[in-house]
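Every chain is numbered from 1, with letters handed out A, B, ... down the list of sequences. This is a predicted model, so every value here is computed, not measured.
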Amino acid sequence: MLALIRRKMKFQREADPEWAEQISKAPGCDRVFSCIQCGTCSGTCPLSIYMDFTPRRIIALVREGFRTDALSCQTIWLCASCYSCTVHCPQNVHITDVMYSLKREAIKHKLYPSRFPIPVLAREFYEIVRRRGRNSEFWLVLRMAMKSNPLVLLTMAKTGWGLLRTGRMSLKSERITRIRELQNELADPQEVSR
Amino acid sequence: MSEKAKVAFYWCASCGGCEEAVVDLAEKILEVSAAVEIVLWPVALDFKRKDIEAIPDGGIVATFLNGAIRSTEQEEMAHLLRRKSKVMVALGSCSQLGGIPGLANLWDRSAILEAVYKGSPSTVNPEGTTPQTAYKDNGRTPTLPMLYNTVRTLDQVVDVDYYIPGCAPAAKLVLDAVETLLSGNLPPKGTVLAPDRALCDECPRRDTRPDKLELAEFKRPHQIIADPEKCLLAQGLLCLGPATRGGCGGLCTKGNMPCTGCYGPTSRVRDYGGKALTALASIIEAKDDTDIEKVLAGIPDPVGTFYRYSLPASLLKRKTLEA
Amino acid sequence: MPENYEPKIVAFFCNWCTYLAADLAGTSRMKYAANTRVIRVMCSGRVDPQFVLEAFAKGADGVLIGGCHPGDCHYQEGNYKALRRYYLLKRTLREMGIEEERFRLEWISAAEGDRVRTVVNDMVQKLRALGPRKMNPAIEPELEEVAAS
Amino acid sequence: MSERNGIVRIGVYVCHCGTNIAAIVDCKAVAEYAGGLYHVTVSRDYKYLCSDPGQELIRQDIRDHKLNRIVVASCSPHLHEHTFRTAAEGAGLNAFYVHMVNIREHNSWVHENREAATKKAQDMVRAAVRRVVFHQSLEKVRVPVHPDVLVVGGGIAGIHAALTLANAGKKVYLVERQPTIGGHMAMFDKTFPTLDCAACILTPKMSSVKAHPNITLWAHSDVTKVEGYVGNYKVEVARRPRYINEDLCSGCLECIEACVYKEPKFIDEFNMGLGKRKPIYIPFPQAVPQMPLIDIDTCIQFKSGKCKKTCVQACGDRHAIDFSQKEEIRNIEVGTIIMATGFKAFDARRTPYYGYGTYPNVYTSLEVERLVNASGPTAGDVVLRDGRKPKTVGIIHCVGSRDEGTNRWCSRVCCMYSLKLAHLLKEHTDAEIFNFYIDIRTPGKGFEEFYQRLLSEGVHFIRGRVAEVTDWALDPTEENKLVLRVEDTLLGTVRRIPVDMVVLSVGIEPHEDAQDVRRLFNFGCGSEGFFLERHPKLAPVSTFTDGIFVAGCCQGPKDIPDTVAQAGAAAAEALALIDTGFVEQEPNTAYVIEDECSGCKTCVPMCPYSAVYFNADTKRAGIHQVLCKGCGTCVAACPSGSIKQHLFEDDQIFEEIEGVLTYA
Amino acid sequence: MTPEQAAKTSKGYLYFPGCSLRATGVAYEESLVELFRLLNIPLVELPDWNCCGATSYMCIDEGSAFLLSARNLSLAHTVNSRDLLAPCAACYLVLKKTQDYAAKHPKIRTQVEESLARGGLPPFDGVKVRHPLEMLYNDVGRDTLKSNVIRRWRGGRIACYYGCQAVRPYDEVDTAYNPMRMDELLQDVGAPTVDYALKTKCCGGSLTGTVHEVGVRLNYILLKEAARKGAEAIVTICPLCQFNLDAYQAEIRKATNEPIDMPILYFTQVLGYALGGDPKKLGLHRGISGRDLIKRWFPAHEEVEAYV
């Protein structure tokens with residue numbers, strides 16, 4: 001029976017107010033504490049209906065410092081950063097930016113749901129651009145698929161064909177000329193100084 | 001002779017104009033010299049410092065000292081004469097307020113020597129010689145007084161009893177002063193021996209100033225030919241009469257030139273420039289920032305305008321420089 | 001500059017707008033730097049340039065004048081008079097070697113308690129960056145070497 | 001210096017204000033420091049100086065130690081200067097030997113570092129000690145108060161204030177911008193929470209305004225100029241032409257019947273454009289004054305000059321209709337003014353995502369008030385713009401409130417009137433009604449009970465701010481509907497709710513011209529544009545301009561009971577002034593030292609009140625003491641320092657400057 | 001064209017293609033270049049531009065995200081002070097956001113500038129980031145476009161789809177709530193546009209590639225509502241929007257068996273064609289869905305006739 005019944009209770013010991021403070025310091029996140037929980041963000045979000053926590057609840061979790069829930073949820077990865085919440089929010093909470101800072105945290109601490117393709121995509125993208133200075137949609141999708149779930153390639157084949165036929169899929173991946181400088185710029189200062 | 005009251009005239013940093021004021025007494029000078037014994041008057045008579053030192057302290061009834069203090073020698077003489085005199089009178093703008101030489105307080109000694117002995121286009125000085133306070137020349141060491149960084153008024157150096165304002169003071173003021181002093185019934189210490197009302201009170205043009213005068217722009221004397229009757233300020237000229245102590249009878253305004261403020265402030269004012277400034281700024285018409293700035297552009301040199309005669313006596317006394 | 005340099009600001013606040021704004025900042029418990037010393041005048045138009053000069057002469061690091069917004073003066077136009085004097089005085093001070101940042105005129109209405117906070121903090125921060133006032137040189141310059149023949 | 005004013009004996013008093021000051025400022029240290037200052041005879045710190053024992057302490061010291069100057073370091077002079085001056089007077093010391101140092105609002109409440117705060121307090125006290133040395137004994141100036149009162153705005157606030165004053169026997173001028181008094185309340189159907197009909201309680205008051213012998217009612221008029229000061233205001237009122245002679249018109253309204261337009265044809269402002277009117281019209285049946293007016297933009301006579309003028313014929317030998325009527329200027333003198341200019345309903349077009357102006361079936365609450373009103377354009381029959389009767393209605397709260405994008409404040413009344421409208425709409429249409437709220441705020445007598453009543457009536461309450469109103473349909477159930485997308489924050493899921501009618505509960509905001517108006521009257525305004533009260537708690541209806549009071553929504557959003565209460569309070573404040581008969585003015589006037597003045601006239605243009613004049617005989621400037629308001633601009637302008645100002649003498653201020661700067 | 005408009009356009013523009021316009025969005029680049037040729041406005045590609053970082057970089061580390069786009073701004077700064085055109089909504093937003101945040105947070109600015117310095121690049125302010133829609137609307141102007149139209153519109157009704165990042169959060173391209181500029185431009189060339197409530201709803205961006213079903217569902221709704229409002233085609237201003245709406249229609253048909261087959265065009269294609277551009281040069285052959293309709297609306301060998 002216990003398999004069906006789950007015990008739900010938030011203990012204050014799980015809360016981490018410092019973390020909430022820290023998030024609110026990230027660029028664009030300064031107003032999380034002004035949220036009045038009106039739900040406009042969720043209402044206007046095209047993806048809230050697929051999220052495990054609505055954006056409003058994410059803000060609530062952040063404010064109360066429930067770090068693990070906020071970082072391990074799918075919500076932040078479903079955010080397509082369309083900024084609808086940000087422009088509609090009556091309290092000027094830049095929800096999109098909050099989502100971004102949560103994504104960064106989740107990646108940093110490897111807290112994102114396993115085999116969830118979006119973070120994988122992000123990191124592959126990061127890698128490709130880091131190496132070539134430009135992105136190649138073809139290789140990106142390929143690598144992402146390989147790392148998350150190769151089966152999707154099958155469903156994608158059709159689309160791929162359509163693109164190929166109309167000359168919209170370029171297999172060659174471009175690279176910028178001053179890539180060395182770029183990598184040097186991207187490297188974090190400490191490393192450089194060393 | 002000896003029972004005659006001893007009087008001294010001396011000059012420090014000044015142009016000598018004040019001496020002229022004394023000479024301007026014309027035949028009256030004779031009355032004066034009849035009444036007093038002049039013990040020192042460099043511009044006219046040959047006395048030496050030692051003659052003064054010979055006089056017992058307080059032996060001089062009154063010293064009329066013109067010019068500001070900006071060198072060691074001037075400071076020594078000021079102290080010496082103070083010691084010897086019952087009454088010390090600061091004669092003229094320079095000794096009262098610092099005067100034109102006081103504008104040197106916008107720079108310091110080195111900057112001034114640089115400009116005068118090297119910078120100025122008319123100077124030919126290939127060796128770049130500048131005055132030395134002392135110079136060794138086979139055994140002898142002739143010395144020169146040292147120029148100070150800052151020009152001071154007389155009362156910033158020694159205790160002053162009375163002031164006669166003006167650049168130069170009107171002869172009448174000097175005469176009145178001498179007579180008052182000789183008469184014996186002395187006004188309270190620190191009195192400026194001139195009327196305590198602003199110049200407008202004596203200016204024939206006053207009544208032509210509109211009751212509610214507001215200016216759209218300032219003009220400078222070379223820009224217009226001023227109406228000889230009308231209030232100069234009303235014509236847009238920077239006339240400082242409203243802020244300046246009267247006593248000259250409006251010499252400049254009679255000559256169709258605006259007052260530049262040589263008689264300094266009235267007794268109620270601590271900083272002549274501040275008041276001269278407010279007298280003009282308050283009656284500007286413009287309302288928004290850019291317009292105001294535009295009007296004020298008509299005053300190209302505020303310090304030179306408002307502190308022409310009184311920089312050392314002003315609250316700030318001089319321009320601050322990098323420490 | 002001394003480690004714990006605290007600029008001292010003499011502030012002339014008009015009775016009807018800026019002084020009240022400062023009161024409001026108080027009642028709303030806004031926190032700001034303790035460097036101002038407020039002198040209440042009925043109107044910014046009462047601020048005689050001599051007051052500002054005196055403040056600087058006596059060693060103030062900055063002078064702040066607070067008045068009602070243009071058009072809002074309790075006495076209709078006093079703040080415009082203040083504005084006109086301000087610009088001329090500012091230029092005069094500059095020529096006397098006193099930096100622009102040290103002399104400031106701000107319009108702060110009775111409702112803008114928060115503005116008092118931001119203005120004061122901003123000015124204090126700017127003055128800290130600027131450091132203490134420049135000094136007057138000693139009257140007697142240090143004597144140079146006696147030149148040799 | 002001090003010799004000039006005899007032997008100076010100063011008492012310094014530092015107030016703890018409980019912990020308000022003492023928590024940050026070391027009051028003891030300040031008092032001890034002050035004790036060491038020149039001229040200071042007594043120096044104490046005390047818990048509450050404004051308390052009776054506190055004041056008595058000062059009085060006692062004045063007697064025992066022959067103190068002739070008092071420095072009180074406590075709160076803002078705006079709060080307690082009067083208190084301590086009176087205390088000093090109680091001990092026979094002239095009130096103006098007292099000076100206050102603000103170490104609460106300007107110090108303990110805004111600083112955190114105890115050391116810095118204490119230092120600041122010491123500096124300020126030192127400055128005050130040096131200042132009071134130069135204080136002198138002064139007499140307060142008394143000016144008489146004109147008994148007549150001007151009330152600006154004829155809404156419920158203005159009406160109530162006017163009647164209260166008139167009943168007290170005072171002559172009142174009531175000036176209203178609209179052609180009728182009644183304001184917003186006249187547009188309402190019922191009033192919450194009692195649901196008694198607005199007209200039934202308002203219109204009697206309106207007609208008694210008209211009937212009252214002490215009230216001069218000027219509707220369709222504007223205040224165009226205000227001069228003078230408390231007790232003696234000179235006001236100019238412009239009466240816009242109605243083209244009806246009010247002395248001749250009997251209010252029979254036959255002219256309207258007779259108008260060449262047989263049917264009403266033009267936008268009816270009073271009914272929010274939901275109804276129509278003729279060029280000659282009366283805003284609504286119970287309008288006061290009960291008299292038509294002509295709208296020159298639509299009247300043929302005015303447009304072409306070629307009209308049969310059937311209205312004139314109908315008026316017959318009354319000849320009340322006068323096409324040549326011009327604006328009239330009236331000048332009045334009053335002693336006090338009550339501002340009751342009301343509010344502006346938020347313009348729903350500023351929230352485009354709710355589709356007002358795009359979708360015809362989106363209404364504002366004010367429109368719905370007219371729609372459900374028995375005397376409204378549809379006689380109380382709720383039909384949509386497309387002729388349907390709504391089966392489902394969505395009421396969106398907080399439109400133009402609690403929103404950084406529009407207005408930040410809570411408009412206070414929307415929750416309650418939304419409940420009211422929900423009830424009325426249900427009553428009229430039996431539709432299914434959804435309320436969308438962020439928070440339900442029902443703080444008022446009988447309010448929460450009303451909320452309960454609505455809940456029991458089966459009205460839906462969904463906690464969530466609607467994100468958008470659109471007409472796009474996912475499936476047939478949503479076709480031809482307005483769909484509200486909203487998170488039901490209590491369920492934690494997003495919902496799509498199709499409705500026939502959307503009601504936007506628009507908030508309360510200041511009139512567009514609020515700033516111009518208060519400039520005209522010369523008093524303060526909050527940053528959001530509501531008129532600023534002197535003190536949020538202790539002087540809620542006074543302004544910073546003596547003799548001008550505020551009532552109703554022009555001061556901030558409030559409901560009818562609060563408005564009426566405030567109007568009564570404003571009236572009482574005015575009465576208090578009138579019955580005292582005079583006001584005592586701060587003797588901070590400027591004065592000319594005649595024989596120091598050179599007559600340069602710099603001061604003359606400084607004065608906005610023409611108090612400063614040039615005496616052509618003596619050739620000296622002079623200042624009318626009654627006209628002078630004590631701004632001191634002329635003092636700062638006088639180039640020869642010949643103008644001085646009581647309480648703000650140059651010497652006093654110089655001492656203050658040196659005081660705060662010279663470290664001791 | 002007003003004098004100031006003329007002055008602006010004659011200078012020409014810097015052009016930041018972004019990665020998509022070199023792949024799935026190639027038709028966007030083609031049509032943009034062609035359109036500018038027809039208007040003879042110089043268009044210079046930003047030399048050695050790099051990826052803007054899109055949404056992904058911001059998920060990993062904001063420092064490098066800002067740096068990445070800052071590099072492009074910095075490059076643009078070195079070229080000259082001409083405005084920088086970013087047709088891709090994502091690029092446009094990221095570039096603007098970088099400027100905005102650098103202005104708002106000095107910390108970010110200094111950090112980025114230091115990094116740039118390591119690559120020998122100057123600071124990156126002073127460059128104005130523009131989107132073609134807003135640039136055509138403001139700098140070229142409706143009248144100029146109208147006067148250059150030489151082909152009559154022979155297509156059906158159109159739904160203008162603005163997507164998200166071009167109009168949000170920086171509402172410079174158009175207002176965030178109800179943008180109309182694309183509608184106005186298309187109406188100017190004779191294309192009737194429908195009132196489309198979803199014109200700024202999100203297409204799901206990369207979701208079609210990651211959480212496929214969700215992404216496709218979003219696009220299904222967009223297509224369906226457009227059809228419901230009587231539109232026969234959707235016109236976009238963003239390569240990703242165009243791709244998402246275009247690429248999955250077959251799949252949607254299969255899943256919903258609704259007869260959806262709609263041309264998804266770039267506004268630059270429609271404008272370009274109206275101004276006499278060659279369909280091939282405008283990349284009109286690259287559409288996946290609604291190909292027949294495209295052929296009918298934009299006949300290749302249609303002899304150019306005066307538009308009356």
Side-chain angles (χ1 to χ4, degrees), chain B residues 69-70 72 75 105-106 108-110 129-130 132-138 141 143 146-152 156 269-271 273-278 280-289 292-293 295-296 299 301-307 311 314-323, chain C residues 1 45-61 63 69-71 73 76-99 102-103 105 107 131-149:
Chain B
I69 308 299
R70 67 184 304 190
T72 42
E75 181 162 14
N105 284 359
L106 288 170
D108 62 2
R109 180 173 188 271
S110 53
T129 318
T130 53
Q132 310 295 317
T133 49
Y135 184 78
K136 278 211 190 63
D137 176 28
N138 47 42
T141 308
T143 63
M146 181 180 66
L147 187 72
Y148 290 150
N149 271 326
T150 299
V151 179
R152 283 174 293 171
Q156 288 168 359
V269 175
R270 294 195 185 194
D271 187 284
K275 275 304 195 184
L277 184 154
T278 194
L280 297 180
S282 300
I283 56 170
I284 294 172
E285 214 171 41
K287 273 196 169 169
D288 78 87
D289 307 52
I292 295 175
E293 297 261 42
V295 179
L296 291 179
I299 307 176
D301 171 20
V303 173
T305 310
F306 303 129
Y307 291 108
L311 190 50
S314 71
L315 284 166
L316 293 173
K317 294 194 168 43
R318 61 160 297 122
K319 177 176 186 172
T320 58
L321 301 169
E322 297 302 347
Chain C
M1 142 181 12
R46 172 65 180 97
V47 179
D48 186 323
Q50 290 187 107
F51 298 165
V52 180
L53 293 160
E54 173 78 356
F56 282 119
K58 289 286 182 297
D61 297 285
V63 174
H69 287 270
C73 177
Q76 291 171 28
E77 299 236 316
N79 50 359
Y80 285 112
K81 311 284 190 302
L83 184 64
R84 293 156 187 164
R85 294 170 191 146
Y86 168 74
Y87 275 112
L88 190 49
L89 184 52
K90 197 180 180 66
R91 269 175 58 203
T92 313
L93 289 170
R94 205 186 309 144
E95 293 182 24
M96 295 294 282
I98 292 171
E99 302 89 338
R102 298 194 184 275
F103 181 38
L105 173 69
W107 305 137
R133 285 264 306 282
K134 288 186 241 159
M135 298 314 298
N136 288 347
I139 290 176
E140 288 206 16
E142 54 291 349
L143 276 168
E144 60 269 49
E145 286 300 304
V146 174
S149 53

Contact class of B:Asn105 relative to chain C, heavy atoms under 4.5 angstrom = neither
Kindly say whether C:Ile139 contributes a backbone atom to a donor-acceptor pair with the side chain of B:Thr150 at under 3.5 angstrom?
-> no
What heavy-atom pair brings C:Leu53 and B:Gly274 nearest, and what distance separates the two atoms?
-> CD1-CA, 3.8 Å
Side chain of B:Asp271, backbone of C:Gln50: donor and acceptor closer than 3.5 Å?
-> no
Contact origin within C:Tyr87 toward chain B - heavy atom pairs under 4.5 Å | both
Got a second to check how far B:Leu296's CG is from C:Leu88's CG, nearest 0.5 Å?
-> 5.0 Å
Could you check which of C:Pro70, C:Ala82, C:Pro137, C:Gly45 has the highest count of heavy-atom pairs closer than 4.5 Å to chain B?
-> C:Pro137
Closest approach of C:Glu140 to B:Asn149 (non-hydrogen atoms, all atoms of both residues) = C-ND2, 4.4 Å
Of the backbone (N, CA, C, O) and the side chain (C-beta and beyond), which part of C:Leu93 lies under 4.5 Å from a heavy atom of chain B, both, or neither?
-> side chain
What residue, out of B:Gly304, B:Ser110, B:Ala286, has the most heavy-atom pairs lying under 4.5 Å from chain C?
-> B:Ala286
So OG1 of B:Thr278 and CZ of C:Arg85: to nearest 0.5 Å the spacing works out to 4.0 Å
Shortest non-hydrogen contact from C:Pro49 toward B:Leu277 = CG-CD2, 3.9 Å
Between the CD atom in B:Glu285 and the OH atom in C:Tyr80, the distance rounded to the nearest 0.5 Å is 13.5 Å
Winner by heavy-atom pair count (cut-off under 4.5 Å) against chain B, out of C:Glu95, C:Glu54, C:Arg133 = C:Glu95
Go through B:Arg270, B:Lys317, B:Glu75 and name the one with the most non-hydrogen pairs under 4.5 angstrom from chain C.
-> B:Arg270
Any chance you could measure C:Arg91, atom CZ, to B:Asp301, atom CG, to the nearest 0.5 Å?
-> 8.5 Å
Pick whichever of C:Lys81, C:Glu77, C:Lys58 has the most heavy-atom pairs under 4.5 Å with chain B.
-> C:Glu77
When rounded to the nearest 0.5 Å, the distance separating CZ of B:Arg318 from CE of C:Met96 is 8.5 Å
Residue part contacting chain C, namely of B:Leu311, when any heavy atom lies under 4.5 Å | side chain
From NZ (B:Lys287) to CG (C:Leu83), nearest 0.5 Å = 11.0 Å
Between C:Arg84 and B:Ile292, is there a donor-acceptor pair closer than 3.5 Å when you use the side chain of the first and the backbone of the second?
-> no
For B:Arg70, is it the side chain, the backbone, both or neither that has a heavy atom under 4.5 Å from a heavy atom of chain C?
-> neither
Most chain B-contacting option - heavy-atom pairs closer than 4.5 Å, from C:Val52, C:Leu89, C:Thr92 | C:Thr92
Applying a strict 4.5 Å limit to non-hydrogen atoms, the region of B:Val295 in contact with chain C is neither
Side-chain heavy atoms of B:Leu316 within contact of C:Ile98, under 4.5 Å | yes
